[in-house]
Amino acid sequence: LKAFYVPGPSALPLRDDECFQMGSGASAKRPTAEVPVVAAVDEKTVRRIKLPQDRVQVGELHPGEDVPTMMQRVQSLRSCIAGNSELLEYQPHVTFLRIISSPTCTLEMYVAAIINEVLRVLHADRCSVFFVDEVHKELWCVGALDVDPFCMPWDKGIVGLAAQHGKLVSVADAHAHSSFDDTIEKATNFIVKSTICLPIQHITEHASCIGVIQVLNKHPPDSCFSEKDATELQKIGMMISDSFYRQRWQALQRGRSYGDDLAQSVIAEHHIRRRKSSPCVSTTVAAAAAMHVSDGTASSSSSSSSSNSRSPKADGAPGHLPREKDEHASKAAPDVCLDTPLLMSPKEQSKAKSLKPFEFNALEHSPEELVELVVHLIHSTRCRQLCGVSRKKLQNWASAAQMLYRNNPFHNWFHGFSVFQMCHYQLHVTHMHRYLNFVDELGLLVASVCHDFDHPGRTNNFLIDSEHELALRYNDISVLENHHAYLACELIRKEDSAIGSGLDKQNQTALRRTIIRCILDTDMTRHSEMCSKLLAFSGPESVESNSPSDRELILGACIHTSDLSAQVLPWPIAVAWEERISMEFREQASEEMLVGRTPAPHMQFSMDDLKQRAKLQINFIDFVLTPLWDPYTQLTSSLRPCFTNLVANRFMYEHRCTYGKDAPPECHTPTNLV
């Protein structure tokens, strides 16, 4: 029975004054009473034995988990501990181990377990636990002994200092520190003397801080926290990093924490505060919560109500004025109403709906079929008509575009078409066209098709580190994006594929600038800035139709979200794209290792390791996709199903990360995976 011991449902935990030594069995005195428990003898055999009443069970089987899976999960935690010799000396309380290893414990239980363990080990007066919300740049206190949950800016106080710099901060005299903030001290009348703050790092991206543990006033009075205290606190931080990450997601992002009252109170307060400052914005967690009801089914009425509350106002309302006729449109274009849907006729609209990304999988079609679809969809738009694009040149352009893509696992013609398809779909189902002229629309569609021309299947950093010709040509700035934009502009300059030749000179220049700007906006170095700009809008009515900067942001957000749309599609399509990007990452990692370079952390995995691949995808959803798609779909409520799919797919990756395999098809909903 040499395994990692945690209490089971039929075993009694050790007494409060007893601890569990890592790597050994329970050492307490054994009463004569015995209870039957299940123990893992090996990965193939399970038998019933009798253990003393206070002997802890070998693991705890979670719902739907078999013994080998449980042993593998427990062993992974033991491996983390065994990797640090100092941690082997740490003696955590058994109840603490049981709670942090359980995927179903509530936030209230989890936070209380951390606080109790920290106070026990460090001998201090107070301990508080904070979640970092990097999207809104806030710190949420989700656990303290005598303070209700509250929110504060992440650059405030000593806690904020630890969160921002990602380093442990120990202060002997808190009042003497320049970052000390006495707001909470005044509210509670608790005098702070010494303090130590530990940032909790992201489980794979160690530069990212996801939380902070703050400990106040070392015992005995007037003493300060020692270097040993700092080491012990860091050991606790190492142990809880994975579970802390999970609890943070459940509370701040998903909006449900298994019926946890504390989590829901934090979410409710967050929602109320956000509504006061931005009445038209519904927070991420509130929107995610609206997708669930008590009986475990999707709430269509809630979703409908939520969508209606965020729907754009009628024509003529501020920010949604009908477009005036484009002064620079092609002279040959007919006089038509410009405030109309993107497509020309009901028949064309019906066909476009059949091609919407949620029902059409580009990977199931041939490259030639996709070329014809590009021609058809662009030819059916009014922007094509008003810009004077001939069918023949459009056909030549689309065929040439397909040939300019390499045969990479991910960055290929299928990806190029998928991004175009999502941009076209956004123009069709949203009110985006009210803010754009037809040159903007044509430029956006052209850019979406061309945005990854001649992509080598390697990242910008790879090209820069390799001193590649493209990196030298573009001075290490948006290397690939500049290359794609150059090829896109060269293609429309050729006589047989000059789809902008029907425009006058001024509008040809405007078309080229739109294409370049849109393609450059797919550079991930611009991602954080774009997320912040989207978050700054209080609602759809705050977008100004006559503002050039708002129009540029709409164009950039449309193509950037489309470029990052694979994981907002239904699970069968999303997981196919995940496998492709994983293959491409592995190819780059192998090439880097051959020349003695260390691949990026998100490329260090094996294709056979579904658990690690799922964990990396969860990180990508949490820290890249959610900060983009959540505020974006708040502004464009008709795209909110994209965010719903994203949440559902994250649950699927959680299942894969836990069990090493995908959930059955009937479980492909957020509710069923909880």
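Counting begins at 1 with the first residue of the sequence. Owing to the predicted nature of the structure, the values given are computational and were not obtained by experimental measurement.
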Do R586 and F605 have side-chain heavy atoms sitting under 4.5 Å apart?
yes
Within-4.5 Å side-chain heavy-atom neighbours: E372 and E369:
no
No-hydrogen, no-angle side-chain donor-acceptor test under 3.5 Å, Q588 and T459
yes
Do Q402 and E368 have a side chain donor and acceptor closer than 3.5 Å?
no
Under a plain distance cut-off of 3.5 Å, with no hydrogens placed, do T636 and S638 share a side-chain donor-acceptor pair?
no
Decide yes or no on side chain to side chain contact (heavy atoms under 4.5 Å, CB included) for D622 and R650, but give the supporting numbers first.
CA-CA 9 Å; D622 291 353; R650 190 193 186 282; 2.7 Å; yes
Closest non-hydrogen atom pair, S497 against N396:
CB-C, 4.3 Å
Quick one: does S565's side chain have a donor or acceptor within less than 3.5 Å of a partner on V568's backbone?
no
Any donor-acceptor pair under 3.5 Å linking the side chain of S637 with the backbone of T633?
no
Strictly below 4.0 Å, N to O, side chains only: are E584 and R580 in salt-bridge contact?
no
Derivation of the side-chain hydrogen bond (donor to acceptor under 3.5 Å, both in side chains) call for R597 and S466:
CA-CA 10 Å; R597 294 208 304 264; S466 305; 3.1 Å; yes
How about H483 and D454: does a side-chain donor come under 3.5 Å of a side-chain acceptor?
yes
For K533, enumerate each residue passing the salt bridge (charged side-chain N to carboxylate O under 4.0 Å, His left out) test, keeping only those at least two apart in sequence or located in another chain.
E529
Main-chain N/O of L564 paired to W629 side chain as donor or acceptor, under 3.5 Å
yes
With A498, which residues qualify under side-chain contact (heavy atoms from CB on, under 4.5 Å), at least two apart?
S501
Does some side-chain heavy atom of I581 sit less than 4.5 Å from a side-chain heavy atom of H411?
yes
Between Q617 and N649, do the side chains contain a donor N or O and an acceptor N or O under 3.5 Å apart?
no
Under a plain distance cut-off of 3.5 Å, with no hydrogens placed, do E592 and T598 share a side-chain donor-acceptor pair?
no
Minimal non-hydrogen separation, I515 against A447, with atom names
O-CB, 3.8 Å
Test your reading of the model: is there a side-chain donor-acceptor pair from R512 to the backbone of C489, 3.5 Å cut-off?
no
Please check: side-chain N/O of Q426 versus main-chain N/O of M432, any donor-acceptor pairing under 3.5 Å?
no
What verdict does the side chain to side chain contact (heavy atoms under 4.5 Å, CB included) test give for L377 and T381, after you've listed the backbone C-alpha separation in whole Å, the side-chain angles of each residue and the deciding distance to 0.1 Å?
CA-CA 7 Å; L377 291 176; T381 60; 6.0 Å; no
Quick one: sort the Y245 and F623 rings into parallel, tilted or perpendicular, breaks at 30° and 60°.
parallel
Contact between I554 and V543 at the side-chain level, heavy atoms closer than 4.5 Å - yes or no?
yes
Counting only heavy atoms not in R473 (residues, nucleotides, ligands), do more than 12 fall under 6.0 Å from its CZ?
yes
Ignoring hydrogens and angles, tell me if any N or O in the side chain of N475 forms a donor-acceptor pair with the backbone of I477 under 3.5 Å.
no
Considering all heavy atoms of both residues, which atom of E587 and which atom of P409 are nearest to each other, and what is their separation?
OE2-CG, 3.7 Å
Classify the side-chain pair D523/S478 by whether it contains a donor and acceptor separated by less than 3.5 Å.
yes
Do you know which two heavy atoms are closest between A400 and L491, and how far apart they sit?
CB-CD1, 3.6 Å
Sole residue of V371, I378, D496, V389 in side-chain contact (heavy atoms from CB on, under 4.5 Å) with W397:
I378
For the pair Q612 (side chain) and D609 (backbone), establish whether a donor and an acceptor sit closer than 3.5 Å, ignoring hydrogens and angles.
no
Are any of the side-chain nitrogens in K393 or E495 under 4.0 Å away from the carboxylate oxygens of its partner?
no
On the 0 to 90° scale, with breaks at 30° and 60°, tag the F420-H424 ring pair as parallel, tilted or perpendicular.
tilted
Between S582 and E578, a side-chain donor and acceptor under 3.5 Å
yes
Could you tell me if the side chain of R656 sits less than 4.5 Å from the side chain of V575, heavy atoms only?
yes
Checking S549 against E544: is there a side-chain donor and acceptor pair closer than 3.5 Å?
no
Can you confirm if the aromatic rings of F360 and H365 lie within a centre distance of less than 6.0 Å?
yes
Apply side chain to side chain contact (heavy atoms under 4.5 Å, CB included) to residues N546 and Y435 and explain how you reach the verdict.
CA-CA 8 Å; N546 297 322; Y435 306 99; over 6 Å; no
For Y486, is the OH atom crowded, meaning more than 12 foreign heavy atoms sit under 6.0 Å from it?
no
Between D563 and H451, do the side chains contain an N or O donor and an N or O acceptor separated by less than 3.5 Å?
yes
C642 side chain reached by Y632 side chain, heavy atoms, under 4.5 Å:
no
Does one side chain, of N507 or D504, offer a donor that lies under 3.5 Å from an acceptor on the other?
yes
Between H560 and L628, is there a side-chain heavy-atom distance shorter than 4.5 Å?
yes
Crowding at CZ, R526 (>12 non-hydrogen neighbours, <6.0 Å):
yes
State, to 0.1 Å, how close L480 and P456 come at their nearest heavy-atom pair, and which atoms those are.
CD2-CD, 3.4 Å
Are L639 and Y425 close enough that some pair of their side-chain heavy atoms sits under 4.5 Å apart?
yes
For a quick test of reading the model, state the closest non-hydrogen atom pair linking L569 to N645 and the distance between them.
C-ND2, 4.0 Å
H455 and Y405 aromatic centres sub-6.0 Å
no
Please check if atom CZ in R493 has more than 12 non-hydrogen atoms from other residues, nucleotides or ligands closer than 6.0 Å.
no
Indicate whether any N or O donor in one side chain lies under 3.5 Å from an N or O acceptor in the other, for R613 and S606.
no
Measure the CG-CD distance between L370 and Q421 for me, rounded to the nearest 0.5 Å.
8.5 Å
Evaluate M524 against V624 for side chain to side chain contact (heavy atoms under 4.5 Å, CB included), listing each step before the verdict.
CA-CA 10 Å; M524 286 302 297; V624 177; 3.8 Å; yes
Can we call the ring centroids of F453 and W413 under 6.0 Å apart?
no
